[in-house]
There are 4 protein chains.
Amino acid sequence: MEDLTGSCAKPQRRSIGAKRNPATEEAILGAAQEILRDKGVKGLSMEAVAKRARAGKATLYKWWPSRGALLVAVYERAKGEHVHEDKGTLIATMAAFYRYVFDFWRTAEGQVFALIIAEAQSDADVAEALERYRKERLVALAEVVDRSQARGELIEGAQAEALAETIMAAAWMRLITGRLDSDPERLAHEVLDGWMVGNR
Amino acid sequence: MEDLTGSCAKPQRRSIGAKRNPATEEAILGAAQEILRDKGVKGLSMEAVAKRARAGKATLYKWWPSRGALLVAVYERAKGEHVHEDKGTLIATMAAFYRYVFDFWRTAEGQVFALIIAEAQSDADVAEALERYRKERLVALAEVVDRSQARGELIEGAQAEALAETIMAAAWMRLITGRLDSDPERLAHEVLDGWMVGNR
Amino acid sequence: MEDLTGSCAKPQRRSIGAKRNPATEEAILGAAQEILRDKGVKGLSMEAVAKRARAGKATLYKWWPSRGALLVAVYERAKGEHVHEDKGTLIATMAAFYRYVFDFWRTAEGQVFALIIAEAQSDADVAEALERYRKERLVALAEVVDRSQARGELIEGAQAEALAETIMAAAWMRLITGRLDSDPERLAHEVLDGWMVGNR
Amino acid sequence: MEDLTGSCAKPQRRSIGAKRNPATEEAILGAAQEILRDKGVKGLSMEAVAKRARAGKATLYKWWPSRGALLVAVYERAKGEHVHEDKGTLIATMAAFYRYVFDFWRTAEGQVFALIIAEAQSDADVAEALERYRKERLVALAEVVDRSQARGELIEGAQAEALAETIMAAAWMRLITGRLDSDPERLAHEVLDGWMVGNR
DNA sequence: GACTAACCGAGACGGTACGTCTGGTCTTAAG
DNA sequence: CTTAAGACCAGACGTACCGTCTCGGTTAGTC
């Protein structure tokens with residue numbers, strides 16, 4: 001038994017005048033997500049997305065001028081805004097963070113992030129979007145580190161932003177080398193122990 | 001008289017019997033490198049390499065079954081084996097390391113490494129090769145950290161291999177986010193200061 | 001401030017109420033003619049005409065339901081009503097006729113006629129319009145032949161309408177095979193000599 | 001009832017080395033002919049032909065660089081080489097000729113010729129091919145006229161080639177204006193009577 | 001010395017996806 | 001109801017690579 005048209009009935013969308021139709025955007029991103037789940041990231045071509053969304057290819061290229069741009073949009077739609085829940089200590093908070101992102105990156109939607117990093121290496125627009133995203137997340141991470149520093153957990157020389165980037169780099173490293181099964185708790189220790197007060 | 005096909009005269013190579021012709025390998029990798037320099041990484045297709053090397057496509061696929069495999073070969077050929085020169089302190093040694101790799105990654109050949117990381121996200125063979133390479137470099141880095149630890153530079157809780165991976169992650173992070181102009185010295189401090197004895 | 005879209009300022013046209021706006025028709029046909037002159041017949045798409053005329057595509061399709069219909073309209077607007085000036089003999093009159101149409105068909109507007117013939121091969125509406133036009137011109141031509149026959153120039157068996165069609169066919173043949181540089185005088189002789197009294 | 005794959009099983013064709021595979025050419029032209037019969041000339045897109053022939057689009061474009069080129073090939077394959085059978089008089093011979101071509105032009109393959117004329121109006125290559133074809137047929141026709149002239153059927157001033165072109169023009173005129181139901185006999189008379197000895 | 005096996009250049013082949021273009025239909029907002 | 005504007009679906013266009021295949025020719029080793 002086979003479903004040639006996709007996962008659900010696709011009512012025809014029409015123009016709603018000389019302005020962007022949100023239903024179209026929704027249908028396209030939805031179709032992209034479905035393809036991700038069904039065929040994996042290799043099947044995610046502009047062609048396939050257009051076909052499944054019953055959208056014209058020109059419409060796709062109008063709003064997302066490249067595969068990279070579409071990837072970014074799909075990722076932004078899928079990722080929940082992770083709020084760093086304070087677990088009392090920085091180590092515990094970061095361990096929870098690692099656990100959360102590793103789990104997410106393992107999902108079909110999360111795998112898109114690795115793709116975005118890949119695409120960024122040869123597509124300047126994606127690189128820019130990725131850099132914007134990195135900075136945004138860096139700020140959120142640095143705040144957590146800041147709070148920890150205020151609590152007196154960290155040694156004197158620690159700089160919140162630099163430390164945040166080190167934390168982030170460790171996670172991204174695991175992602176791009178396919179080691180998302182690393183132990184989050186242990187990783188948090190390996191990255192942070194040196195900076196905690198009380199380790200001499 | 002002029003040579004339209006490349007940078008140098010390409011004498012026809014023939015079979016040298018029932019064994020691999022080293023001249024062919026040389027010609028192919030050389031052609032790949034030339035294309036990298038001339039057209040950049042986007043122009044590095046199997047098709048283009050075969051044409052430039054005056055090699056049959058089947059020959060390429062015989063020895064390097066995918067674009068990724070070829071990329072890896074090109075990278076391995078181009079990279080010098082970096083020996084970590086001991087600068088007296090770990091910080092200084094690592095600063096020199098960062099400076100070296102950042103400089104290399106900015107060259108045409110070095111850019112291939114970013115490509116390999118990209119390719120690894122969707123090509124299992126490349127991922128495996130990358131992982132092998134990572135481990136190999138990790139060992140070399142860990143040795144340097146070990147020596148530093150033996151000298152008593154590091155605090156008690158430091159684990160050489162874990163620290164080495166953190167050091168490496170920081171570098172790769174700068175690569176994939178296009179920030180190879182970061183200051184190596186400062187980066188070394190940001191990554192290592194917490195682990196050095198004497199910072200409380 | 002400059003006008004990127006065409007050769008002259010295009011004041012915005014608005015609806016003039018519940019009736020056809022002649023300014024719009026004028027603007028559209030004018031734009032089509034401009035495109036013909038600037039880009040040639042290949043550039044004459046509905047899209048391009050709408051853009052240049054600053055008209056909505058819906059407006060175009062409302063009044064000219066297909067590319068063919070627009071072509072016909074453009075041609076009808078451009079062609080002058082050729083009046084067959086009597087040169088004394090049928091041969092001379094027809095030579096003048098050939099000269100006139102060959103000259104016209106060579107102009108940008110005249111080239112549209114070849115396009116119409118082309119379009120007629122696959123668009124029934126255009127075919128019909130072309131047939132209407134052919135009959136209309138045939139009548140005009142037949143009249144000239146009739147007058148010649150009345151003067152006693154033609155042999156007994158000549159039928160005005162049939163001869164007119166032969167005359168016309170010779171012209172169209174030169175058009176569709178791209179030989180508008182044929183000598184009109186000579187062509188008139190080649191087509192008509194057999195039918196003239198005094199050639200035995 | 002519907003046939004999704006075409007009219008017959010299509011065995012996969014492979015390369016036969018670094019040279020053109022005649023089976024591929026055959027399959028492509030055959031597919032084109034099938035489409036003509038099934039969908040008519042409007043359905044004859046490069047895309048459709050490639051799909052039906054199970055051929056890559058690149059293969060099509062390699063050997064027939066444009067739709068026009070393919071049309072010409074299909075026509076040349078379909079048309080039998082018409083031999084002008086001598087019916088005793090030129091009128092009768094030409095009447096038979098008209099009957100033959102009108103009948104052929106009405107078939108699915110014959111309709112291609114009208115398409116070629118259409119395409120020639122905007123594709124220089126097709127125009128050239130068409131002109132070549134016209135000249136070739138003109139020679140054949142002129143020979144018939146020549147023989148008639150040798151028999152003394154024609155008046156003194158008749159030029160074989162010019163008359164042949166008039167004969168041809170009359171036929172093409174009926175084709176492009178969609179009047180292939182014209183009476184061949186009558187047409188032959190209308191075109192030729194003036195040139196026959198004995199009509200004064 | 002003939003034979004075989006693998007190598008090599010060449011390039012045709014079936015495919016997939018690309019990014020662009022045009023054709024026609026539709027809706028909106030303004031008049 | 002008309003108009004300008006332009007979003008939208010649809011699908012053909014011609015191009016670029018992919019990875020597979022066959023060919024014809026070469027060379028080195030085996031019988």
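Throughout, a chain's letter reflects where its sequence line sits, starting with A, and its residues are numbered from 1. Every value quoted in this text rests on a predicted model; they were computed, and no experiment measured them.
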Next item on the list: Side chain of C/Tyr61 only, please: which of E/dG23, F/dC21, F/dT2 is the nearest?
Entry: E/dG23
Next item on the list: For the residue pair B/Arg37 and B/Glu109, establish whether any side-chain heavy-atom pair is separated by less than 4.5 Å.
Entry: yes
Note to self: With a cut-off of less than 4.0 Å, is there a side-chain N or O of C/Lys57 near OP1 or OP2 of F/dG6?
What the structure shows: no
Residues 39-46 of chain D, side-chain donor-acceptor partners within the protein, below 3.5 Å, at least two apart:
{"from": "D/Lys42", "atom 1": "NZ", "to": "C/Ser122", "atom 2": "O", "distance (Å)": "3.1"}
{"from": "D/Ser45", "atom 1": "OG", "to": "D/Ala48", "atom 2": "N", "distance (Å)": "3.1"}

Notebook entry, point to check: Of the candidate nucleotides F/dC9, E/dC8, F/dA7, which contains the atom at the shortest distance from the side chain of A/Ala55?
Noted result: F/dC9
Checklist line | pair C/Leu70-C/Leu29: side-chain heavy atoms closer than 4.5 Å | finding: yes
Check: Salt bridge between B/Glu25 and B/Arg13, side-chain N to carboxylate O under 4.0 Å?
Finding: no
Note to self: Can you measure B/Glu47 atom CD to F/dA16 atom P for me and round it to whole angstrom units?
What the structure shows: 10 Å
Next item on the list: Scan residues 63-72 of chain A against DNA chain E and write down, sorted by residue number, each residue with any heavy atom closer than 4.0 Å; if none is found, say none.
Entry: none
Notebook entry, point to check: If you pin B/Leu44 and B/Lys19 to their nearest nucleotides in DNA chain F, which one's is more 5'?
Noted result: B/Leu44
Next item on the list: Could you tell me the separation between the CZ atom of B/Arg20 and the P atom of F/dA28, rounded to a whole number of Å?
Entry: 18 Å
Check: With sugar-phosphate meaning primed atoms plus P, OP1 and OP2, does B/Ala50 contact a base, only sugar-phosphate, or nothing at under 4.0 Å between heavy atoms?
Finding: nothing
Check: Starting at the 5' end of DNA chain F and moving along, which residue's nearest nucleotide shows up first, A/Ala18 or D/Ala48?
Finding: A/Ala18
Next item on the list: Answer whether the closest heavy-atom distance between the side chains of A/Val74 and A/Trp64 falls below 4.5 Å.
Entry: no
Check: Would you say A/Leu71 and A/Glu119 make side-chain contact, with heavy atoms under 4.5 Å?
Finding: yes
Next item on the list: Name the residue closer to the 5' end of DNA chain E, choosing between D/Ile16 and A/Ser45 according to the nucleotide with the nearest heavy atom.
Entry: D/Ile16
Checklist line | DNA chain E: 5'-proximal contact among D/Gly56 and B/Gly56 (nearest heavy atom) | finding: B/Gly56
Check: Can you find a pair of side-chain heavy atoms, one from B/Lys62 and one from B/Thr24, that are under 4.5 Å apart?
Finding: no
Checklist line | Phosphate-side-chain proximity, D/Arg14 and E/dA12, N/O vs OP1/OP2 below 4.0 Å | finding: no
Checklist line | Spacing between C/Lys51 atom NZ and E/dG23 atom C1', to the nearest angstrom | finding: 14 Å
Notebook entry, point to check: Can you find a side chain N or O atom of B/Thr59 that sits less than 4.0 Å from OP1 or OP2 on E/dC8?
Noted result: no
Checklist line | A/Met46 side-chain proximity, nearest of E/dG19, E/dA10, E/dT25 | finding: E/dG19
Checklist line | Rounded distance in Å - CZ (A/Arg52) to P (F/dC9) | finding: 16 Å
Margin query: The side chain of B/Ser15 is closest to which nucleotide in this list: E/dC8, F/dC9, F/dA5?
Written below: E/dC8
